[in-house]
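A, B, ... follow the sequence lines: proteins, then strands. Residue 1 opens every chain.
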Amino acid sequence: MKINAPRGFQDILPAQVWKWQMIEAIARDTAELYHFQEIRTPVVEYSELFHRGVGESSDIVTKETFTFNDRGGESLTLRPEGTAGVVRAAIENNLIAQEGVRAKLFYIAPNFRYERPQKGRLRQHHQFGAEAFGIAEPEQDVECIQLQMDFYRKCGLNELELNINSLGDGPSKQGYRDALVAFLSPKKGQLGEDSQRRLESNPLRILDSKDPRDQEAVAGAPPASGYLSDQSQRHFQRVCQLLDESGIVYRLNPNLVRGFDYYTETLWEVTAGGLGAQNAIGGGGRYDNLVQLLGGRAVPGVGFGSGLERLLIALEAQQVELKKVSQPLVYLISQNDAARQANLGLIRQLRQAGIACEMDPSGRSMKAQLKQADREQATVCLIRGQAELESDSAQLKNLSTGQQQNVSISQLVSALINILKPCK
RNA sequence: GUGGUUGUAGCUCAGUUGGCAGAGCACUAGGUUGUGGUCCUAGGGGUCGCGGGUUCAAAUCCCGUCAGCCACCCCA
């Protein structure tokens with residue numbers, strides 16, 4: 001019986017893996033350029049972490065987690081997002097034990113959400129994310145945004161838009177929520193079914209609904225900016241000013257709301273062309289209450305997560321060419337059994353000398369071997385038959401020019417290194 | 001969880017009114033007994049997603065189911 005990968009889970013095959021390695025390398029290089037350090041946390045956490053962290057009322061926790069009991073009866077959950085686990089690890093390992101101690105961490109890791117798959121949406125997806133703890137100033141928000149945007153720029157992504165908004169600190173957010181409910185309640189009948197329900201559970205989300213009925217009802221709603229405390233207002237203005245100064249183009253979007261309960265103050269989302277309906281490629285925000293909520297000191301934090309599958313989709317749609325670099329390959333070809341036997345020893349020597357080699361041990365025709373070498377994009381073929389065995393030499397054939405030369409075995413390694421050097 | 005749509009060779013797909021399961025590409029071999037890419041010739045490869053039903057006869061019609069894709073919800 002044939003067994004497929006579970007719904008919404010995807011194999012990343014050799015033909016694609018090099019792209020992953022490339023964008024992962026860009027992510028690491030860029031994060032380290034900003035002096036963020038990599039952290040790797042477990043794929044599973046106690047379920048309570050996400051309930052408390054992401055929020056009991058958020059959709060992600062209520063209906064999208066992979067949750068199960070282990071054999072001891074503990075409830076575990078596959079991580080649905082990156083921040084909560086990093087905060088837990090930072091607290092547990094005393095990385096942010098004291099106020100004023102700064103920790104800047106990044107990760108590249110899979111997340112799991114039980115959803116119906118569609119374009120740009122899977123049950124396992126991967127994110128590059130970064131979290132900065134200990135600094136409440138808007139400079140830290142902007143450093144995160146700069147890192148994120150630099151990452152996209154280095155990957156070659158062109159069509160993208162940064163949306164930004166502020167919901168203010170806790171009291172500001174609550175005040176705005178109440179005001180919005182007061183504004184929308186009389187119009188409840190005009191809202192879509194989903195939003196009528198959200199009016200109680202998560203009214204802020206009605207702001208960024210796609211339903212035209214909701215958009216019409218929301219049109220005259222008061223903006224969050226009117227409910228920000230003085231301090232929150234100053235914070236947000238400073239963020240915008242710093243973005244201006246660093247030449248980052250953004251759009252103030254008063255309807256931008258994000259799905260995690262822990263966000264306070266600044267929040268942002270980057271959208272990209274070519275992604276279909278799920279056009280968010282990454283998002284982030286400040287979460288000044290989260291560390292304390294999860295049992296740490298009152299340490300502020302800010303960070304982002306960026307979806308790598310969606311980045312690759314966007315790069316493809318925008319026809320961005322990633323440059324593939326691979327090691328030049330030498331393909332050993334044997335005319336007969338004796339040559340094949342000799343090449344088995346030779347290939348080991350060449351590999352130990354640091355030269356990537358391949359050969360076909362099955363005794364097929366030379367034509368078939370050459371064809372295979374061509375298919376695998378070998379740079380050089382090393383051909384040995386009866387004549388070469390007797391003269392202790394090998395033919396080296398350059399597959400792109402077709403030129404061929406005879407080289408003695410004693411000089412083989414240096415000759416190959418010479419030929420391959422300009423190909424790296 | 002809801003809706004739409006598509007499942008035929010490794011891949012992309014055709015298949016008429018229900019009447020022998022097809023093409024292109026890819027693969028293997030030969031043309032060339034020591035040389036790839038181009039070309040020519042031949043060959044291999046199928047649970048027509050799966051299960052049931054109608055029929056003399058089903059890839060084709062009906063019912064169910066599973067999966068992929070797309071959209072809603074939500075999010076990266």
Side-chain angles (χ1 to χ4, degrees), chain A residues 1-10 15 54 57-65 79-83 108-129 148 152 192-195 197-198 201-202 205-206 208-211 214 257-260 269-272 275-284 304-314 331 333-336 339 360 362 364-389 394-404 406:
Chain A
M1 187 175 125
K2 196 173 98 177
I3 298 178
N4 293 336
R7 166 167 249 196
F9 289 76
Q10 213 174 44
V54 179
S57 66
S58 68
D59 285 276
I60 286 188
V61 164
T62 52
K63 58 180 200 189
E64 293 179 3
T65 51
R79 94 174 136 232
E81 60 92 47
T83 304
I108 297 170
N111 292 330
F112 304 85
R113 295 178 199 164
Y114 190 86
E115 309 186 82
R116 278 284 284 273
Q118 68 181 74
K119 190 179 179 76
R121 200 176 63 187
L122 297 160
R123 288 183 173 179
Q124 175 179 352
H125 77 277
H126 299 78
Q127 283 188 21
F128 162 50
Q148 190 181 354
Y152 298 141
E193 300 76 29
D194 288 319
S195 285
R197 179 173 44 78
R198 278 187 291 214
S201 61
N202 202 349
R205 294 233 54 119
I206 302 174
D208 63 0
S209 168
K210 289 179 194 167
D211 191 322
D214 297 346
V257 181
R258 295 185 49 77
F260 305 130
E269 184 171 281
V270 180
T271 56
L275 279 175
Q278 313 304 321
N279 65 349
I281 196 171
F304 69 87
S306 182
L308 298 184
E309 281 85 356
R310 286 189 188 175
L311 173 62
L312 288 170
I313 292 172
Y331 206 100
I333 287 171
S334 326
Q335 185 218 343
N336 55 26
D360 182 344
S362 68
R364 298 200 298 163
S365 69
M366 282 186 62
K367 176 176 172 150
Q369 294 176 62
L370 260 309
K371 202 169 178 177
Q372 188 62 28
D374 189 56
R375 215 176 0 238
E376 299 193 16
Q377 293 176 33
T379 306
V380 173
C381 275
L382 186 157
I383 304 167
R384 286 212 289 178
Q386 204 51 44
E388 286 76 18
L389 288 183
Q395 302 288 337
L396 293 187
K397 176 169 183 161
N398 182 323
L399 278 186
S400 48
T401 66
Q403 282 177 344
Q404 191 167 315
N406 188 274

Problem set entry | Options B:C27, B:C70, B:U35, nucleotide nearest the side-chain atoms of A:Arg375 | B:C27
Seminar exercise, completed: The answer to which of A:Glu309 and A:Gln10 contacts RNA chain B further toward the 5' end, by nearest nucleotide, is A:Gln10
Problem set entry | Given B:G37, B:A76, B:G34, the nucleotide with the shortest approach to the side chain of A:Lys371 | B:G37
Exercise. Using a cut-off of less than 4.0 Å, is there contact between a side-chain N or O of A:Gln278 and OP1 or OP2 of B:C72?
Worked result: yes
Exercise. Using purine N1 to pyrimidine N3 plus N6-O4 or O6-N4 for Watson-Crick, or N1-O2 and O6-N3 for G-U wobble, each under 3.5 Å, what pairs with B:U35?
Worked result: none
Exercise. In terms of side-chain heavy atoms of A:Arg258, which of B:A76, B:G34, B:G3 is nearest?
Worked result: B:A76
Exercise. Counting only heavy atoms not in A:Glu376, do more than 12 sit closer than 6.0 Å to its CD atom?
Worked result: yes
For this session: For the pair A:Arg310 (side chain) and A:Ala280 (backbone), establish whether a donor and an acceptor sit closer than 3.5 Å, ignoring hydrogens and angles.
Result: yes
Exercise. Expressed as a whole number of Å, how far does the P atom of B:U65 sit from that of B:A29?
Worked result: 47 Å
For this session: Select one nucleotide: of B:U35, B:A76, B:G36, the one nearest the side-chain heavy atoms of A:Gln404.
Result: B:U35
Problem set entry | Pairwise 5' ranking along RNA chain B for A:Ser209 and A:Gly8, keeping only the more 5' one | A:Gly8
Exercise. Expressed in whole Å, how much space separates the C1' atoms belonging to B:U54 and B:C61?
Worked result: 8 Å
For this session: Report yes or no: is there a donor-acceptor pair, N or O only, under 3.5 Å between the side chain of A:Arg116 and the base of B:C69?
Result: no
Exercise. Between the base of B:G34 and the side chain of A:Glu388, is there a donor-acceptor distance below 3.5 Å?
Worked result: yes
For this session: Determine the Euclidean distance between corresponding C1' atoms of B:C20 and B:G46; express it in Å to zero decimal places.
Result: 15 Å
Exercise. Of all heavy-atom pairs between A:Asp214 and A:Gly192, which one has the smallest distance, and what is that distance?
Worked result: OD1-N, 2.9 Å
Exercise. In terms of side-chain heavy atoms of A:Lys367, which of B:C75, B:G31, B:U35 is nearest?
Worked result: B:G31
Exercise. If only atom types and distance count, is the side chain of A:Gln369 paired as donor or acceptor with the main-chain N or O of A:Arg364 below 3.5 Å?
Worked result: yes
Exercise. Is A:Arg364 touching bases, backbone alone, or none of the nucleic acid, heavy atoms closer than 4.0 Å?
Worked result: sugar-phosphate
Seminar exercise, completed: Picking from B:C75, B:A71, B:C69, the nucleotide nearest the side-chain atoms of A:Phe260 would be B:C75
Problem set entry | Gap in Å between the two C1' atoms, one belonging to B:A9 and one to B:C70, rounded | 27 Å
Exercise. With a 4.0 Å cut-off on heavy atoms, is A:Ala387 in touch with a base, just the backbone sugar-phosphate, or nothing at all?
Worked result: base
For this session: Pick the P atom in B:G45 and in B:U28, then give their distance to the nearest Å.
Result: 16 Å
Problem set entry | Candidate nucleotides B:G34, B:A29, B:G68, ranked by approach to the side chain of A:Arg7 - the nearest | B:G68
For this session: Taking only Lys NZ, Arg NE, NH1 and NH2, and the carboxylate oxygens of Asp or Glu, determine whether A:Arg197 and A:Asp194 approach each other closer than 4.0 Å.
Result: yes
For this session: Rounded to whole angstrom, note down the P distance from B:A58 over to B:C48.
Result: 12 Å
Exercise. Mind checking the C1' distance from B:G19 to B:G31? Whole angstroms is fine.
Worked result: 41 Å
For this session: Identify the nucleotide, in any strand shown, that forms a Watson-Crick or G-U wobble pair with B:C11, with both distances under 3.5 Å; if there is none, say none.
Result: B:G24
Exercise. More than 12 foreign heavy atoms under 6.0 Å from CD of A:Gln404: is that the case here?
Worked result: yes
Exercise. C1' atom, B:U17 versus B:U38: distance in rounded Å?
Worked result: 45 Å
Exercise. Out of B:G36, B:U35, B:C70, which has the shortest distance to the side chain of A:Leu399?
Worked result: B:G36
Problem set entry | Counterpart base for B:U5, defined by Watson-Crick or G-U wobble contacts under 3.5 Å | B:G68
Problem set entry | Sugar-phosphate, base or nothing in reach of A:Ala280, heavy atoms under 4.0 Å | sugar-phosphate
Exercise. Across the strands shown, which category fits A:Arg113 at heavy-atom distances under 4.0 angstrom: base, sugar-phosphate, nothing?
Worked result: base
Problem set entry | Watson-Crick or G-U wobble partner of B:G19, both distances under 3.5 Å | B:C56
For this session: Could you tell me whether A:Gly402 contacts a base, only the sugar-phosphate backbone, or nothing, with contacts defined as non-hydrogen atoms closer than 4.0 Å?
Result: base
Exercise. Does A:His126 offer a backbone N or O that forms a donor-acceptor pair with the side chain of A:Glu309 under 3.5 Å?
Worked result: yes
Problem set entry | Base partner of B:G30, which must satisfy Watson-Crick or wobble distances under 3.5 Å | B:C40
For this session: Please confirm whether any donor atom in the side chain of A:Asp374 sits under 3.5 Å from an acceptor in the base of B:G36, or the reverse.
Result: yes
